[in-house]
Amino acid sequence: MTRFAPNPDFVIHLGNARPAILSHEYARKYKGKFILRFEDTDPRTKTPIKEVYNLIKEDLKWLGLRWDEEYIQSLRMNIFYETAFELIRRNGAYVDTCDIEESKRLIKEGKGCPTRSNPVEWQVEQFEKMIEGYYSEGEAVLRVKTDLNHPDISVRDWVAFRIIDTSKYPHPLVGDKYVAWPTYNFAVSVDDHLMGVTHILRGKEHMQNATKQMFLFKHMGWKYPTAIHFGRIHFEGFIMSKSKIRELISKEPDKYWGYDDPRFGTIRGLRRRGILAEAIKQLILEVGIKGTDTRITYTNLAAINRKILDEKAHRIMFVSDPARLTLEAPNKLEAKVPVHPSIEDYRRYIVSPGDTICLNKPDIKHGTVRLLGLGNFVIKEGKLHYLGSSLTEVKEKKIPIIQWVPCNNSIPVTVYKPEGLELESDRGYAELGITNYRVDDKLQFIRYGFVRIDSKDNDEVKVIFAHE
RNA sequence: GCCGCGGUAGUAUAGCCCGGCCAAGUAUGCGGGCCUUUCGAGCCCGUGACCCGGGUUCAAAUCCCGGCCGCGGCACCA
């Protein structure tokens, strides 16, 4: 039994995909169950966003992850309250009504707020007051009794419940219904136990949390699950940080496209860029569960993606930076452009003498060229002189085979290329065959690279460059 | 500073628990060749690593100790 427990305050990125994919994979491998649980118990500093719950579900589905159970913590508040009362009755927690700074100091000294030693009845009464709204923010917290001499100060009597003024910070799902909110460590422990989670796979930033949570498990007489912690993923050249992305979007809303901007390392961003779910999965599985940090480059992801895409992506001729040349031939010629090298299917075009053909400017210097699917030509004084269609000659003389497009019978295309935080664009023309494809289809522009169709209408197609 | 985790080629990973078959496998990258109606894919060749120092042992990437480096945590965040 494994789980993925995101905070719905932002969409997930490649780094979050790691625990999700590994937990899912682990559960499937051992025929266990996989749970999706939204951890939204902080309406104040990590305010959940209503639409994000669904965006995350969409992302997980897109990644091919299926969950057996789904929970939302903010809808389980009564369970948390009940468990807290039980914990208090077991003498495992106390209400701290000291001043924040004061109790911090006392804990540091290994003492804790004097209310720690008040009788259980007093604690129950005080916790009821916390739930009912008697205390306001900062006036009271419920602390779990731990080792007051623990070397890690943060472990000492950690906070299980605090007051959040939901009239000021309403929760997107339950509004201002509750003011006493469980902290991550409390909610996660209760839910992991109640839901029967046996294996926790998560980042190493949670290591100390395991230490904290074990005190609670011990008080309650529960068995702590097996926890595996792995290092972080540095996705070179991509921004993954939630707060950073949020800042960028709000600062320059015109420059960025939102959660799915292909310059971001979000799952939606990668998807929009033409990365396949399968590639992300393979990458994460390959990286595995090592405790060290991992530096992943886009080249790495692209390599996996290319391998999968190559078999499927149809080929299209696209000419950027066009040079216009006039066709010189004795009669009309029929071009047969292969749709894909491994299938016997061609797009046919007729070109006539006098037509203007667009070639990639740098290709002109070759002098003699083979226009893919059409024939061999020599370039002279702005004209393309037809030499024949012999392929053996092309091979013998190593004549370059290049892409081309009839200038006046083509579709304007804009290619967006994410380069760090910039989005470069490349304009050019693609053969008419591109109109057969739909938004989200992935294509290979011959001798250019793989792209994903982002939008299209009758007279223009916009694509996003994935990789070479 | 204190607590914790980890260090295998440019990058990622296998091997480490249970020492020998590891003069270290795989993928990607990079260099070269073959093939191909793409500068893509495929095939072949090459490139390149056990953080350092001690110890244990017939034998250490693997076990022990010290150092160095990287990372995480030290919240009324998750």
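Letters A, B, ... mirror the listed sequences (proteins, then strands); counts begin at 1.
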[atom1] spacing across the pair [N] / [M], given as an integer number of angstrom:
| N | M | atom1 | value |
| --- | --- | --- | --- |
| B:C44 | B:G53 | P | 38 Å |
| B:G42 | B:A59 | C1' | 43 Å |
| B:A24 | B:G10 | P | 16 Å |
| B:C45 | B:G20 | P | 28 Å |
| B:G73 | B:G54 | P | 36 Å |
| B:G70 | B:C51 | P | 16 Å |
| B:C63 | B:G72 | C1' | 27 Å |

Can you measure [X] atom [atom1] to [N] atom [atom2] for me and round it to whole angstrom units?
| X | N | atom1 | atom2 | answer |
| --- | --- | --- | --- | --- |
| A:Ile402 | B:G40 | CD1 | P | 16 Å |
| A:Leu309 | B:U38 | CG | C1' | 15 Å |
| A:Phe445 | B:A41 | CZ | P | 18 Å |
| A:His314 | B:U38 | NE2 | P | 16 Å |
| A:Arg202 | B:G72 | CZ | C1' | 13 Å |
| A:Phe450 | B:U38 | CZ | P | 13 Å |
| A:Phe318 | B:G40 | CZ | C1' | 16 Å |
| A:Asn305 | B:A41 | CG | P | 12 Å |

Checklist entry - Counting only heavy atoms not in A:Ile289, do more than 12 sit closer than 6.0 Å to its CD1 atom? => result no
- [ ] Tell me whether the centres of the aromatic rings in A:Phe10 and A:Tyr259 are closer together than 6.0 Å.
- [x] yes
Q | Ring center gap for A:Phe264 and A:Phe238 short of 6.0 angstrom | A | no
With A:His229 as partner, the option from A:Glu205, A:His206, A:Arg202 fulfilling side chain to side chain donor-acceptor pair (under 3.5 Å) is A:Arg202
Exactly one of A:Asp191, A:Thr41, A:Thr83 clears side chain to side chain donor-acceptor pair (under 3.5 Å) with A:Arg76, and that residue is A:Asp191
| said: Check A:Glu137 with A:Arg44, please: is the shortest side-chain N to carboxylate O separation under 4.0 Å? | reply: yes
- Message: Can you classify the ring geometry of A:His171 versus A:Trp181 as parallel (below 30°), tilted (30 to 60°) or perpendicular (above 60°)?
- Response: parallel
According to the interplanar angle, ranging from 0 to 90°, do the rings of A:His193 and A:Phe217 count as parallel (below 30°), tilted (30 to 60°) or perpendicular (above 60°)?
perpendicular
Stem ranges of RNA chain B by first residue number, counting only runs of at least 3 Watson-Crick or G-U pairs under 3.5 Å, come to B:1-7 with B:68-74, B:10-13 with B:25-28, B:29-34 with B:42-47, B:51-55 with B:63-67
Between [Y] and [X], is there a side-chain donor-acceptor contact under 3.5 Å, judged purely by atom types and distance?
| X | Y | answer |
| --- | --- | --- |
| A:Gln213 | A:Tyr224 | yes |
| A:Gln126 | A:Tyr135 | yes |
| A:Tyr416 | A:Arg452 | no |
| A:His340 | A:Asp345 | no |

Need one value for [X]: base, sugar-phosphate or nothing, where a base atom within 4.0 Å counts as base even if backbone is also close, heavy atoms only.
| X | result |
| --- | --- |
| A:Lys307 | sugar-phosphate |
| A:Asp363 | base |
| A:Pro400 | nothing |

* Asked: Can a donor-acceptor pair under 3.5 Å be found between the side-chain atoms of A:Glu236 and the base atoms of B:U11?
  -> no
Contact check, residues 283-304 of chain A vs RNA chain B, heavy-atom distance under 4.0 Å, returns A:Glu286, A:Val287, A:Lys290, A:Thr292, A:Asp293, A:Thr294, A:Arg295, A:Thr299, A:Asn300, A:Ala303
Quick tally for nucleotides 73-78 of chain B: nucleotides whose base has a protein heavy atom under 4.0 Å get B, sugar-phosphate-only ones S, the rest -, giving SS-BBB
